[in-house]
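Let me begin by presenting the structure, written as structure tokens, before commenting on it.
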Amino acid sequence: MLTHLSLRLRIFLFFALLALGGAALVVGGMVLGYMRLGDPDALPAFIVAGLVASLAIIGLTTWVWVKFDEHVARPVEQLAAEMRARAHADVETGIDHAPARYLGDLAPAAAAVADHLTETRNAMAMEVGRETAKLSREKARLEALLAGSPDGVLFCTPEHNIALYNAQAGRVLGDTEALSLNRPLSDLLLPGPILQAYDRLRDPATAEDRADILCATVEGTRLLEARLHLMHLEGQETEAPGYVLRLRDQGRGLLVQAQRAHLLNDLLEGVTEALPTLPDPARADLTALTARIRREKSETDAKWWPLEALPAQTLATGLRARLARKDIPLTDDIADLRMRFDGFAAVRLLEKLALSWAGAGATGFHLSVSIADSMTAMVTLSATGPTPTPDKIAQWLAAPLTPGFTRFSGRDVVLFHGTRVTVEPASDGRASLRFPLRLSLSGSRTGPAAMRYDFDLLHARLPDQLSEARLRQLDFVIFDTETTGLNPQVDEICQIAAVRVVNGKLQPGERFDMLVNPGRKIPPASTAVHHVTNEMVADAPEVAQALTRFHRFAGGCPLVAHNAPFDMAFLQRRESEIGLRFDQPILDTVLLSAILFGGSAEHTLDALCDRLAIGIPEQDRHTAIGDAIATATAFAKMIPMMEAASLPTLGQAIAAFDRHARLIRHLN
């Protein structure tokens with residue numbers, strides 16, 4: 001039951017028990033001797049003798065324990081940490097024999113094992129290197145292909161997190177801190193069209209592997225043209241497939257085209273209204289010309305907007321799911337045919353009409369799709385209730401289609417589908433809203449997906465409880481701050497930097513490095529340490545703005561720092577001002593070092609890097625980004641060491657911190 005205690009503490013308890021037991025035996029023997037002697041005057045002498053003997057035993061035992069701790073227990077603990085570092089952190093320097101000089105052949109034997117491990121690892125690395133070279137060439141080709149692509153490319157996991165992105169993706173999506181590995185795609189793009197297309201492609205009935213859709217950025221709601229490919233991976237462990245999202249920023253051109261089409265529509269409507277006032281010959285000619293323009297416009301409108309060949313049942317499935325959220329039932333009668341339409345936009349259009357109509361008192365909604373002629377199908381949404389007027393329908397269509405697409409209305413959907421919404425009252429108290437869509441004559445796209453990849457992130461799946469997740473499964477943001485002083489209550493941040501560790505590996509390219517205007521002068525003593533001057537931060541963002549951007553970079557990832565309470569005090573002091581909270585789990589590399597190398601070791605960042613054979617360039621020491629990278633490198637090396645110490649999960653690591661909390665109190 002004492003196995004959870006450290007080796008040194010268990011040895012101390014053994015000697016303490018030995019001392020107390022010896023003292024108890026001496027006292028017991030003196031009492032027994034006094035009872036057998038039977039002389040009352042001898043009692044003081046026996047007491048003094050017993051105390052002296054007990055103190056002598058305790059003193060001798062203490063002296064032996066100190067020597068044993070110094071020459072046996074502490075060297076054994078240090079030797080274990082040294083061996084763990086060489087086994088799990090790729091440290092190749094030799095083991096120091098001096099601390100274990102009284103342990104006989106143990107230190108040389110440990111050194112021999114470490115040397116053999118290094119030799120074996122090197123031999124294996126050479127063997128693996130030959131196979132890796134081939135994969136590296138393929139990887140280089142892939143990177144060159146993605147770098148030269150005019151489109152932004154995102155590889156996404158089944159959980160809709162980013163597993164890979166190319167440089168063009170950053171330009172298409174804009175300069176945003178939210179573009180990073182394993183971040184939710186919803187941080188970058190409004191998820192509605194993507195989720196609907198993904199679910200549709202996963203349906204075996206569609207027999208398709210790609211979808212052409214429109215989506216919008218979270219920041220600025222810019223329209224992007226996107227193509228979504230499912231990825232069928234070799235040996236994938238997840239039930240659902242990942243996917244590739246190719247993005248192209250043509251939203252501005254589409255909006256300009258839509259504006260032109262709207263103007264032409266308005267012009268045609270104006271001409272139509274003016275026809276009755278014209279003489280008969282001119283009216284007939286102009287009527288024919290207007291009809292011809294409308295036909296040609298209907299054909300061209302359906303070409304410049306990205307439309308797909310989709311089953312008509314897609315409309316009913318999507319609309320039923322959307323209306324169910326509002327407790328509005330829907331029945332349907334859908335013909336087995338395929339039409340050309342934007343699945344997300346068409347479903348949202350029908351939803352907008354249904355909800356607006358329901359707000360006016362309509363009930364009993366029914367959707368039907370039937371063939372109108374050889375080129376078109378008729379979509380009909382009917383209900384029982386008041387018949388909407390054309391003006392009311394125009395009002396419904398003018399409203400934004402969805403809150404995420406504020407510049408995208410139902411009128412736009414009608415326009416780029418080359419159709420019109422008409423109303424037909426019926427004698428039985430029901431009315432219908434109808435609009436035609438073009439039939440698809442090309443059939444469905446079939447065949448295997450064009451791309452197959454196998455990345456670790458695509459297979460990773462976190463448990464429901466974050467505390468049960470293994471450290472190597474999680475994404476961490478390792479950060480460091482430079483400040484105007486050492487008092488978090490009055491001093492301010494003048495520089496903040498961070499890097500990410502994803503899937504147990506440092507991602508040096510995903511970094512956050514920002515000078516910060518602290519709103520006060522930086523003392524010369526502080527500048528002498530971190531070399532940040534008042535001139536450097538004069539035009540830098542203020543603290544609140546910097547922390548807001550850092551919060552976005554960090555997302556909800558656990559934060560890691562060296563002596564984290566000091567840095568977190570500066571962040572948490574500003575939470576109410578920026579309206580955001582840094583409430584994710586916090587890990588401290590000081591405490592990780594204490595767990596792995598013992599509480600008596602030195603736990604400065606320099607000492608930790610020395611133990612793990614991490615070099616910090618002198619010019620980067622005491623800079624926020626330099627210390628953040630050093631801390632992240634150390635943290636990545638300590639993850640396998642924590643696993644070897646039977647502390648592989650986030651919850652176990654945090655629970656183990658309590659045993660060394662006094663170190664943090666001492667540092668601060």
Side-chain angles (χ1 to χ4, degrees), residues 6-8 69-70 73-101 107 110-111 114 471 476 478-483 486 497-499 501 506 528-531 559-568 586-642 644-645 647 653 656-668:
S6 67
L7 173 65
R8 294 179 61 203
D69 181 69
E70 180 180 354
R74 190 180 299 177
V76 167
E77 189 178 70
Q78 182 177 346
L79 194 60
E82 295 276 1
M83 294 181 68
R84 190 178 294 116
R86 281 146 186 81
H88 302 289
D90 295 333
V91 177
E92 297 184 358
T93 56
I95 294 179
D96 185 8
H97 294 196
R101 58 186 177 277
L471 293 174
F476 296 93
I478 294 81
F479 77 102
D480 184 66
T481 61
E482 301 299 340
T483 62
L486 301 179
V499 291
V501 168
L506 174 63
V529 175
H530 50 57
H531 308 298
L559 297 176
V560 182
H562 197 78
N563 189 16
F566 175 79
D567 297 282
M568 289 304 302
I586 311 296
L587 296 187
D588 196 320
T589 48
V590 171
L591 298 179
L592 291 177
S593 175
I595 292 170
L596 295 173
F597 297 104
S600 61
E602 188 178 359
H603 302 296
T604 64
L605 182 59
D606 288 314
L608 178 60
C609 290
D610 286 342
R611 279 195 292 271
L612 296 176
I614 299 170
I616 307 178
E618 189 60 33
Q619 66 272 17
D620 293 338
R621 188 66 178 98
H622 290 301
T623 66
I625 189 62
D627 287 356
I629 292 176
T631 303
T633 306
F635 178 71
K637 285 195 170 191
M638 287 192 286
I639 288 177
M641 296 176 66
M642 292 289 287
L647 297 170
F657 284 174
D658 294 338
R659 299 201 302 267
H660 302 279
R662 59 181 178 80
L663 288 173
I664 295 297
R665 290 194 295 270
H666 175 71
L667 284 175
N668 295 288

When rounded to the nearest 0.5 Å, the distance separating CG of Leu596 from CG of Leu591 is 11.0 Å

Any idea which heavy atoms bring Ala498 and Ile625 closest together, and the distance? O-CD1, 4.3 Å

Point-to-point distance, once rounded to the nearest 0.5 Å, from NE2 of His531 to OG1 of Thr623: 8.5 Å

Do any N or O atoms from the side chain of His603 and from the backbone of Gly598 form a donor-acceptor pair under 3.5 angstrom? yes

Which heavy-atom pair separates Ala601 from Arg611 by the least distance, and what is that distance? CB-NH1, 4.0 Å

Considering only NZ, NE, NH1 and NH2 on the basic side and carboxylate oxygens on the acidic side, decide whether Glu70 and Arg74 come within less than 4.0 Å. no

Using the side-chain contact (heavy atoms from CB on, under 4.5 Å) rule, take Phe635 and Leu506 through it: C-alpha gap first, then chi angles, then the decisive distance, then the call. CA-CA 9 Å; Phe635 178 71; Leu506 174 63; over 6 Å; no

Hey, what do you get for CG (Asp610) to CG (Leu605), rounding to the nearest 0.5 Å? 9.5 Å

State the CZ-CD1 distance between Phe479 and Ile586, to the nearest 0.5 angstrom. 6.5 Å

Which atoms form the tightest heavy-atom contact between Ala89 and Met641, and what is the distance? CB-SD, 3.8 Å

Using 0.5 Å steps for rounding, measure from the CE atom of Met642 to the CG atom of Leu592. 5.0 Å

Closest heavy-atom pair and its distance - Val499, Ala632: CG2-CB, 3.5 Å

Where Ala653 and Ile595 come nearest, the two heavy atoms and their spacing: O-CD1, 4.4 Å

Determine, step by step, whether His562 and Thr631 satisfy the side chain to side chain donor-acceptor pair (under 3.5 Å) criterion, reporting the C-alpha distance in whole Å, the side-chain angles of both residues, the deciding distance to 0.1 Å, and the verdict. CA-CA 7 Å; His562 197 78; Thr631 303; 5.2 Å; no

Considering residues at least two apart in sequence or located in another chain, which fulfil the side-chain contact (heavy atoms from CB on, under 4.5 Å) criterion with Ala628? Asp480

Locate the shortest heavy-atom distance separating Asp567 from Ala561; write the atom from each residue and the value. OD2-CB, 4.0 Å

Going from CG on Asp69 to CD on Glu77, what distance comes out if it is rounded to the nearest 0.5 angstrom? 8.5 Å

Is Met638 close to Arg84 at the side-chain level, that is, under 4.5 Å between some pair of heavy atoms? no

Does Thr633 reach the main-chain N or O of Ile629 with its side chain, forming a donor-acceptor pair under 3.5 Å? yes

Student check: side-chain heavy atoms of Ile478 and Leu587 closer than 4.5 Å: no

The criterion is side-chain contact (heavy atoms from CB on, under 4.5 Å); which residues satisfy it with Ala81, sequence neighbours excluded? Phe597

